[in-house]
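Just below is one structure, and these are the notes that go with it.
Scope of the values below: all heavy atoms of this structure, side chains included, with no hydrogens, waters or symmetry mates.
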Amino acid sequence: MLRIGSIVLGVSDVPRAAAFWMEALGYVPREEAEDDWVVLVPAEGTGAQLSLGRSETPVQDQPRIHLDLYAGDAADQAAEVERLVSHGAERVDWDFYPDDADFIVLADPEGNRFCVIDTTHG
């Protein structure tokens with residue numbers, strides 16, 4: 001049976017992206033990072049790996065695949081969004097929010113979009 005080994009993001013600057021995602025998620029490099037590739041893993045315990053590889057393709061405004069980061073509740077979600085913004089994330093002006101959205105769309109310093117989810121919503 002197969003299992004997901006790693007989620008891979010294409011980035012133009014691997015060290016910059018690694019620095020952001022390590023701060024965002026509390027991850028560390030699995031082994032020494034290269035200029036064009038690094039695999040990040042949770043510093044504490046188990047969880048999904050995040051691999052960052054150099055890419056020259058443009059960032060998608062509406063990516064078909066993205067990360068959902070789970071927050072505990074609305075207050076936790078707001079605090080996490082502010083923390084991520086302080087580390088270089090940007091708020092995305094998203095025209096597709098439903099009226100009662102449980103998510104906030106952000107972009108990492110590379111422009112890759114991801115969501116912060118209020119898991120108690122709804």
Side-chain angles (χ1 to χ4, degrees):
M1 180 61 94
L2 292 174
R3 63 184 176 85
I4 294 175
S6 190
I7 300 160
V8 181
L9 287 180
V11 300
S12 60
D13 183 335
V14 172
R16 177 178 70 172
F20 172 79
W21 287 108
M22 288 188 300
E23 286 292 331
L25 300 174
Y27 276 33
V28 297
R30 186 179 67 191
E31 56 255 342
E32 188 173 338
E34 299 175 19
D35 289 339
D36 62 349
W37 181 256
V38 66
V39 178
L40 303 177
V41 297
E44 309 262 339
T46 60
Q49 296 184 145
L50 180 62
S51 300
L52 306 170
R54 183 175 298 142
S55 174
E56 295 183 17
T57 59
V59 174
Q60 296 175 319
D61 286 340
Q62 295 180 20
R64 292 181 66 164
I65 297 175
H66 66 273
L67 300 177
D68 279 352
L69 306 181
Y70 286 4
D73 58 22
D76 187 35
Q77 178 190 44
E80 287 297 332
V81 165
E82 291 310 313
R83 184 180 70 83
L84 293 166
V85 167
S86 77
H87 289 299
E90 292 186 11
R91 295 175 185 271
V92 173
D93 186 17
W94 189 251
D95 294 334
F96 305 103
Y97 280 116
D99 290 336
D100 197 22
D102 63 349
F103 62 96
I104 296 171
V105 181
L106 299 177
D108 71 9
E110 292 282 324
N112 292 306
R113 294 182 177 189
F114 62 96
C115 297
V116 179
I117 311 295
D118 170 359
T119 57
T120 63
H121 185 74

Report yes if the side chains of [X] and [Y] come closer than 4.5 Å at any heavy-atom pair, otherwise no.
| X | Y | value |
| --- | --- | --- |
| P109 | H87 | no |
| F103 | D68 | no |
| V14 | E34 | no |

Do the side chains of [X] and [Y] join up, straight or via other hydrophobic residues, at under 4.5 Å, putting them in one cluster?
| X | Y | answer |
| --- | --- | --- |
| V105 | V81 | yes |
| V39 | I65 | no |
| L67 | I4 | no |
| W21 | V28 | no |

Which atoms form the tightest heavy-atom contact between [X] and [Y], and what is the distance?
| X | Y | result |
| --- | --- | --- |
| Q60 | P63 | OE1-CA, 3.2 Å |
| E110 | A17 | CG-CB, 3.9 Å |
| G72 | D118 | O-OD1, 4.2 Å |
| D100 | H121 | O-NE2, 2.7 Å |
| P29 | M22 | CD-SD, 3.5 Å |
| Q49 | R30 | OE1-NH1, 3.2 Å |

Roughly how far apart are [X] [atom1] and [Y] [atom2], rounded to 0.5 Å?
| X | Y | atom1 | atom2 | result |
| --- | --- | --- | --- | --- |
| F114 | I117 | CZ | CD1 | 11.0 Å |
| L52 | I7 | CG | CD1 | 11.0 Å |
| L106 | H66 | CG | NE2 | 11.0 Å |
| Y70 | D102 | OH | CG | 9.0 Å |
| L9 | S51 | CG | OG | 9.0 Å |
| I104 | Q77 | CD1 | CD | 3.5 Å |

Go through the steps to decide whether L50 and L25 satisfy the test side-chain contact (heavy atoms from CB on, under 4.5 Å), and finish with yes or no.
-> CA-CA 10 Å; L50 180 62; L25 300 174; 4.1 Å; yes
Any donor-acceptor pair under 3.5 Å from [X] side chain to [Y] backbone:
| X | Y | value |
| --- | --- | --- |
| S6 | V8 | no |
| R113 | V59 | no |
| N112 | G10 | yes |
| R54 | W37 | no |
| T119 | A71 | yes |

Flag if over 12 foreign heavy atoms under 6.0 Å of CD, E44 = no
What do the steps show when you test V11 against F20 for side-chain contact (heavy atoms from CB on, under 4.5 Å), and what is the final call?
-> CA-CA 12 Å; V11 300; F20 172 79; over 6 Å; no
side-chain contact (heavy atoms from CB on, under 4.5 Å) between W94 and Q62, intermediate numbers included = CA-CA 9 Å; W94 189 251; Q62 295 180 20; 4.1 Å; yes
